[in-house]
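Below is one structure; the comments refer to it alone.
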Amino acid sequence: MTLTAPPAPAVPRAVPPARPGAARRAWRTVSPYAYLAPFFTLFAAFGLFPLLYTAFVSLYRVELQAPGDMEWRGLGNYTALLGDEYFWTSLRNTFTIGVLSTVPQLVMALGLAHLLNYRMRGRTFLRTAVLLPYATSVAAATLVFAQLFGRDFGLINYALGLVGVDPVDWQNGTVASQIAVSTVVVWRWTGYNALIYLAGMQSIPDELYEAAAMDGASRWRQFFHVTLPGLRPTILFTVIVSTIGATQLFGEPLLLEGSVSGGISHQYQTLGLYMYEQGWGFFHLGRAAAIAWVMFLLIVVLVGLNALIARRRSRKEAGR
């Protein structure tokens with residue numbers, strides 16, 4: 001009798017994974033675009049279409065009383081703007097008010113963010129408090145500041161009188177009215193930009209500050225040589241956003257005195273007020289559309305200049 005070994009069990013073959021069908025492969029390709037489709041649909045309906053239609057209307061003479069009667073003018077609305085002295089006044093006012101509001105605003109925001117970045121008591125409350133002006137309605141804030149800048153009974157003139165300064169006509173003087181409008185803008189947006197700078201400061205590695213402190217750098221040198229270079233992209237972002245906001249400034253100058261003309265001599269009328277006056281004051285919708293496109297092109301040029309300056313500066317520093 002002979003003994004035989006039992007047969008070895010059969011090794012199961014590895015089953016290759018089933019390949020997805022054509023429908024599933026197609027869905028994997030199309031699904032990212034399907035998820036993005038709602039955004040692009042809303043953008044096309046409420047962003048792209050109004051932009052293109054405004055460009056179309058700017059080439060016609062269109063009156064608010066009869067928007068269906070359109071008369072071809074070509075570039076006539078744009079050439080009429082170039083010959084209107086109030087257009088150049090509003091353009092100059094937009095630039096000066098933008099500088100008076102943007103530069104102090106960003107400098108103060110940078111200082112506030114630097115202070116809020118330190119470990120101190122109540123910093124969570126302070127970080128929330130600096131955002132309260134941004135949460136305040138522009139109408140409420142401007143009406144309060146209009147009372148503060150009142151000529152006869154305003155608190156600002158009362159404080160100036162205590163130090164021997166004569167009352168200032170904040171609403172009728174050219175420089176004074178622009179300072180008043182800029183003050184409202186600075187008060188509303190400084191805290192917002194401060195929190196943006198604070199977020200950028202917290203993303204800077206602590207090792208850089210420790211290395212600078214070991215090299216004997218003071219707090220000021222650390223701020224200029226570590227904090228500011230680390231905040232360069234954030235600063236560029238706030239400059240671009242503030243530039244766009246200054247070009248579109250509307251609510252603050254409108255509510256300071258309640259006039260779309262920007263004062264008796266148009267001394268603080270911005271491009272936004274000028275566009276509103278032409279479209280809804282004089283009923284010239286075609287000219288208002290042309291002003292809107294001039295504002296759009298101005299924003300594109302200013303943003304492009306900011307980006308170009310920042311890129312050249314980055315290349316110079318990288319080449320050192």
Side-chain angles (χ1 to χ4, degrees), residues 39-99 101-102 138-139 142 171 174 177-178 181-182 185 240-306:
F39 166 77
F40 285 107
T41 302
L42 293 176
F43 174 74
F46 299 102
L48 186 60
F49 172 74
L51 183 66
L52 298 178
Y53 185 72
T54 302
F56 171 76
V57 172
S58 68
L59 302 177
Y60 289 84
R61 183 194 301 274
V62 186
E63 301 297 324
L64 185 61
Q65 300 91 333
D69 299 334
M70 305 177 68
E71 178 185 349
W72 172 259
R73 290 201 65 189
L75 299 178
N77 288 323
Y78 295 93
T79 56
L81 290 180
L82 299 179
D84 189 356
E85 61 174 337
Y86 293 126
F87 167 74
W88 296 106
T89 300
S90 63
L91 180 62
R92 183 176 61 253
N93 293 339
T94 301
F95 176 77
T96 54
I97 294 176
V99 173
S101 60
T102 300
V138 60
T142 307
Q171 294 182 347
T174 300
S177 60
Q178 292 181 4
V181 173
S182 302
V185 179
I240 291 176
V241 172
S242 299
T243 302
I244 295 174
T247 307
Q248 298 176 339
L249 195 61
F250 177 77
E252 290 84 350
L254 173 65
L255 297 173
L256 184 66
E257 192 183 7
S259 172
V260 295
S261 61
I264 57 176
S265 59
H266 299 256
Q267 67 269 16
Y268 59 91
Q269 185 182 48
T270 60
L271 285 174
L273 280 182
Y274 180 69
M275 178 183 66
Y276 185 86
E277 183 184 41
Q278 292 293 323
W280 283 263
F282 301 146
F283 311 127
H284 304 322
L285 293 184
R287 185 172 295 186
I291 299 169
W293 258 86
V294 169
M295 294 172 61
F296 172 73
L297 295 177
L298 181 62
I299 290 174
V300 171
V301 170
L302 293 176
V303 171
L305 287 176
N306 286 329

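The figures that follow rest on heavy atoms only: side chains count, while hydrogens, waters and symmetry mates do not. Positions are given from 1, in the same order as the sequence printed here.
Applying the 6.0 Å contact sphere to OH of Y276 captures no more than 12 heavy atoms from other residues, nucleotides or ligands.
Residues L64 and G279 approach most closely at CD2-O, 4.1 Å, considering heavy atoms. The two atoms that bring Y78 and S58 nearest to each other are OH-OG, 2.8 Å, heavy atoms only. Closest approach of L256 to S177, counting heavy atoms only: CD2-O, 4.2 Å. When all heavy atoms of Q65 and F283 are compared, the pair lying nearest together is NE2-CD1, 3.1 Å.
The backbone N or O of L82 lies less than 3.5 Å from a partner atom in the side chain of W88, making a donor-acceptor pair. In this structure, N77 contributes its side chain and R61 its backbone to no donor-acceptor pair below 3.5 Å. The backbone N or O of A139 sits nowhere less than 3.5 Å from a side-chain atom of T142 that would complete a donor-acceptor pair. No donor-acceptor pair under 3.5 Å is formed between the side chain of W280 and the backbone N or O of M275.
Between F39 and F43, the ring-plane angle classifies as parallel under the 30° and 60° cut-offs. Using bins of under 30°, 30° to 60° and over 60° for the plane-to-plane angle, the ring pair H284/F282 lands in the tilted bin.
The line from CG of L305 to CD1 of I240 is 11.0 Å long, rounded to the nearest 0.5 Å. Atoms CD1 and CG, on I291 and L273 in that order, are 11.0 Å from each other to the nearest 0.5 Å. Going from atom CG of L285 over to atom CD of Q278 covers 10.5 Å, rounded to the nearest 0.5 Å. Put simply, CZ on F56 and CG on L51 are 14.5 Å apart, with the number rounded to the nearest 0.5 Å. The structure places CG of L48 at 13.0 Å from CG of L42, a figure rounded to the nearest 0.5 Å. Rounding to the nearest 0.5 Å places OG1 of T247 at 5.0 Å from CD1 of I299.
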Going by atom type alone, with no hydrogens or angles, which donor-acceptor pairs under 3.5 Å involve a side-chain atom of residues 91-99 and a protein atom two or more places apart or on another chain?
unit_1, atom_1, unit_2, atom_2, d
N93, OD1, Q178, NE2, 3.0
N93, ND2, T89, O, 3.2
N93, ND2, H266, O, 2.9
N93, ND2, Q267, O, 3.3
N93, ND2, Q269, O, 3.2
T94, OG1, S90, O, 2.7
T94, OG1, L271, N, 3.0
T96, OG1, R92, O, 3.1
T96, OG1, N93, O, 3.1
T96, OG1, Q178, OE1, 3.0

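Contact annotation: the side chain of R287 never approaches that of F87 to less than 4.5 Å [non-hydrogen atoms, C-beta and beyond]. Side chains of Y274 and L81 form a contact here, defined as non-hydrogen atoms less than 4.5 Å apart. L255 places none of its side-chain heavy atoms less than 4.5 Å from the side chain of F250.
One side chain, Y268 or E257, offers a donor N or O that lies under 3.5 Å from an acceptor on the other.
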Exercise for the section: For the pair E252 and V138, evaluate side chain to side chain contact (heavy atoms under 4.5 Å, CB included) and give the outcome as yes or no after the intermediate values. Expected result: CA-CA 7 Å; E252 290 84 350; V138 60; 3.6 Å; yes
